Amino acid sequence: MYCFFFLFVLINIATVTANYLHAVPSVPFSSDNRQSFRLRSLKHIVVDSSFADEVNTNGSTLIPPTLWEFASTFQLDVKNELGLQLRLAIGKNPAPDAIFLTLDKNQVFKDAAGILTSEGYSLTVDRNGIVIAGASPLGAWWGTRSIMQLAQLYDCRLPCGSGTDAPGWRTRGIMLDAGRHYYPPDFIIELCSYLSFFKQNELHLHVSDNLFINLEQTAASEIMNTYGSFRLSSDNPALNGLGGPQNESYTHDQFEAIQQRCAKRGVSVIPEIEAPAHALAITRWKPELALSSDPTMLNVSHPGTLPLLREIWGTFLPWFHSKEVHIGADEYSADHIPDYVKYVNELSSFIQETSSKRTRIWGTFTPSQGSTVSKDITIQHWAPYSDNAYHDFIANGYETINSDYMFYMVGKWSPYFGQRLNKTLIFSADPLGGPFAPHIFDAANATNNPPRDNPFVVGHISPFWSDWGPTATTFLEAYYSWRDSLPALADKQWGGSLLETEYDSIIDTLRYIIPDQNLDRRVESRTALVLKYPLNKSHVGKVIKDHSGNNYHGILKGDCNAGENGLYFAGKCHLDTPLHSLGRNYTLSFEVKPTSSGPATLFAGADSTLMSQTAQSELVTIISGSHPYAINYTLPLNRWIRVELAGRGESTFLKVSTVPVTDDKRQVTQEFEFLTRIDTHGVQAGSNYTTVWRPMAFEAPLARIGEGFKGYFRQIVVRKNQ
Ligand SMILES: *[C@@H]1O[C@H](CO)[C@@H](O)[C@H](O)[C@H]1NC(C)=O
Ligand SMILES: *[C@@H]1O[C@H](CO)[C@@H](O)[C@H](O)[C@H]1NC(C)=O
Ligand SMILES: *[C@@H]1O[C@H](CO)[C@@H](O)[C@H](O)[C@H]1NC(C)=O
Ligand SMILES: *[C@@H]1O[C@H](CO)[C@@H](O)[C@H](O)[C@H]1NC(C)=O
Ligand SMILES: *[C@@H]1O[C@H](CO)[C@@H](O)[C@H](O)[C@H]1NC(C)=O
Ligand SMILES: *[C@@H]1O[C@H](CO)[C@@H](O)[C@H](O)[C@H]1NC(C)=O
Ligand SMILES: *[C@@H]1O[C@H](CO)[C@@H](O)[C@H](O)[C@H]1NC(C)=O
Ligand SMILES: *[C@@H]1O[C@H](CO)[C@@H](O)[C@H](O)[C@H]1NC(C)=O
Ligand SMILES: *[C@@H]1O[C@H](CO)[C@@H](O)[C@H](O)[C@H]1NC(C)=O
């Protein structure tokens, strides 16, 4: 929404009914409802000169922005998303028609356990302007997120009044399994922007892993060829042979950029290097360190294992800007618990001594099983069958992060876990009544949940696992697992009060202004018609005019000729559009007549490519994340075919129809769906099937048309369908 437009219909009257404003998370606020402040009259963002250079040293990042830096990001957001051009200034006091950003060192902001938090802020609105006073610059930043959301939801008119807000828990976020699937750096940065808008502060990035291997059914040679990765690539010669796949690893520069861009919006990247289990990327490189009983696990009692892990961590610790790192340590062989404990403690001490960072591990073995890992280690509980978070860890004085599998997802398919967050559960998980909160580990049995103010519950992380490897999902499908309900979970991780009906009524409106990301791959369009290139004779020139009304004119590169009521691509030209990619739901239709076979691109975009043929196959194929997904169809030569690529929810279809011509009046139509084959390695208990087929959702590729293609194109039309 643009705040400078007058709105005659006020959808949300700025009324405070409960003791909070509707935003995600909810914003505690009290108001007499008599007066309001119009954001249209804003002229400045004023940063308190006493605190402009201050940073928050209490958060989870070592690269915290200053109050001034947060303010300049806010200034850009307000311009880009609300259309308000505000001047950024330094000042001593709140000014008229300004948002004053300051710190309040006297106010005490407390979390759910009554412990001081640096992430709180207070918000005051009066007829002159707005004051946000943070416990720290990070607290003030979260206050700016409230302003962004309230502007959108309350028609740029905030009720006068005030409120004090603070998160109940210090760890709030998601985990992304980048070990079994590559996620490009830009995608991770966009995810951070998404989290930040809802005041989530951590992105836990799992950077090494391998696919599950059923040892009984798998030959030794096959095990070594199973997909496994280590995504950090360093030039330390001692680690030569570890990184990879080479082109799908993060360089130091890329990892630095990810961390900096996330920190800029208050989000810390918590890296996880997984060992001693899930460590095929390491054991393939150093087979002598593998456990004889399981080649994907490191033998923790082998004298070479700990020194190698010290070398690895010693190499990468200087890359990491978080105060805590994750060493994995889950699903190890229960035959070696004492050695496991020794390994975990020694590695954790090494990390502490070299970098002053704390360590996290997944909940694995319990103290009653003899796992007496140091209490300096934070436990990230996930499986109620391996531990009872409350009785095994919290009651024994371990700081514990809740990643219970009630909000745990596996991409695309799983016999056990969901593919989406369960919104109903988010609003109802407390067995005593009420919504989820990080201290709820069991939605059925209250005995397993510590009190809300237990100080050993440090927060909640919702994991997404790429169990079926790189081909099962596109990287954007991981986002869609979270998209609809992660903001609701963010409200609960913060300790917010939103009701499900309130959430449902505001979330889609908020999606339009989430800054610094376009995960939905939206394209601005005046109507549902996004792009139209008729490409018939009369319109051919260097510039291809867009007839949609959006002026997305294309540019021809190389030699293309008009002819036969279509544009002829001789394999030496292509058409560039100003667009990149279009997200769900869309139809991309065109007519095409290939005159020669061979690999060629029909449409290429930022997230996918539609090929008429590839080097490997004559079938029509979509390439995504460098993986081919073919349908059982080959475009015939020398015949006009009408093609419609349709993204419908979680599926992508291709419909082809022959275009009737004088000597052949038939019109044959066929529809195909793009699917992925998941090899389950016999995971499904009690059943024999080994593969499942699941739909793929691809974004429409729109950037470049016809590269390498020989033949004709016409009537290119792109529509969005809601
Ligand atoms: C920040 O950390 C310092 C040093 O540990 C501590 O004294 C202070 O109370 C903390 N402040 C907040 C707001 O958490
Ligand atoms: C682990 O390594 C030790 C020391 O080399 C060796 O004695 C032991 O047999 C190994 N254990 C397994 C299960 O591979
Ligand atoms: C979501 O959670 C609710 C409440 O626990 C439950 O009844 C429902 O079956 C769950 N839905 C799915 C799809 O798992
Ligand atoms: C609830 O949990 C407690 C503690 O783990 C257990 O003893 C009890 O049997 C459980 N109750 C039910 C109904 O499952
Ligand atoms: C070309 O397409 C435009 C727009 O669809 C149409 O108005 C025009 O008649 C077409 N011209 C030819 C020669 O087909
Ligand atoms: C990475 O390299 C592999 C093997 O050469 C190739 O198949 C894949 O397309 C490449 N991936 C990217 C993202 O370039
Ligand atoms: C693919 O299509 C051809 C003919 O169009 C058909 O003979 C063949 O059985 C199909 N293959 C599969 C796997 O469906
Ligand atoms: C896309 O369409 C599906 C139905 O096919 C619908 O469930 C979904 O909400 C739509 N998505 C968007 C982003 O409009
Ligand atoms: C699985 O396959 C085995 C042998 O191939 C057969 O004996 C068994 O009955 C099958 N089980 C099921 C549940 O189909």
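Counting starts at 1 for both ligands and their atoms, following the listed order. Bear in mind the structure is a predicted one, so any value in this text is a computation, not a measurement.
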Contact check: S292 vs ligand 2, nitrogen or oxygen atoms, below 3.5 angstrom: yes
Heavy-atom nearest neighbour in the protein, as seen from atom 8 (C) of ligand 1, with distance rounded to 0.1 Å: N58 ND2, 3.7 Å
Identity and distance of the protein heavy atom lying nearest atom 9 (O) of ligand 1: L116 CD1, 3.6 Å
Row check, F197 ring normal vs R145 NZ/CZ: under 6.0 Å, within 45°: no
Aromatic W494 / basic K199 pairing, under 6.0 angstrom, 45° off normal: yes
Main-chain N/O of L498 paired to D491 side chain as donor or acceptor, under 3.5 Å: yes
Structural part of N299 in contact with ligand 2, heavy atom criterion under 4.0 angstrom: side chain
Flag: protein heavy atom within less than 4.0 Å of atom 14 (O) of ligand 3: yes
Is_contact(atom 5 (O) of ligand 1), protein non-hydrogen, under 4.0 Å: no
Distance-only polar pair, side chains of N449 and D442, donor-acceptor under 3.5 Å: no
Proximal ligand 2 atoms for H302, defined as those under 4.0 Å from one of its heavy atoms: 2 (O), 5 (O)
Atoms in ligand 2 with a heavy atom of L291 nearer than 4.0 Å: 12 (C), 13 (C), 14 (O)
Atom indices of ligand 1, in the order listed, that fall short of 4.0 Å to a heavy atom of T117: 13 (C)
Selection from N422, T424, I426 by shortest heavy-atom distance to atom 10 (C) of ligand 3: N422
Mutual orientation of the aromatic rings belonging to F436 and F407 [parallel < 30°, tilted 30-60°, perpendicular > 60°]: perpendicular
Pair E477 + R420, salt bridge at N-O below 4.0 Å: no
Short N-O contact, R358 and E399, less than 4.0 angstrom: yes
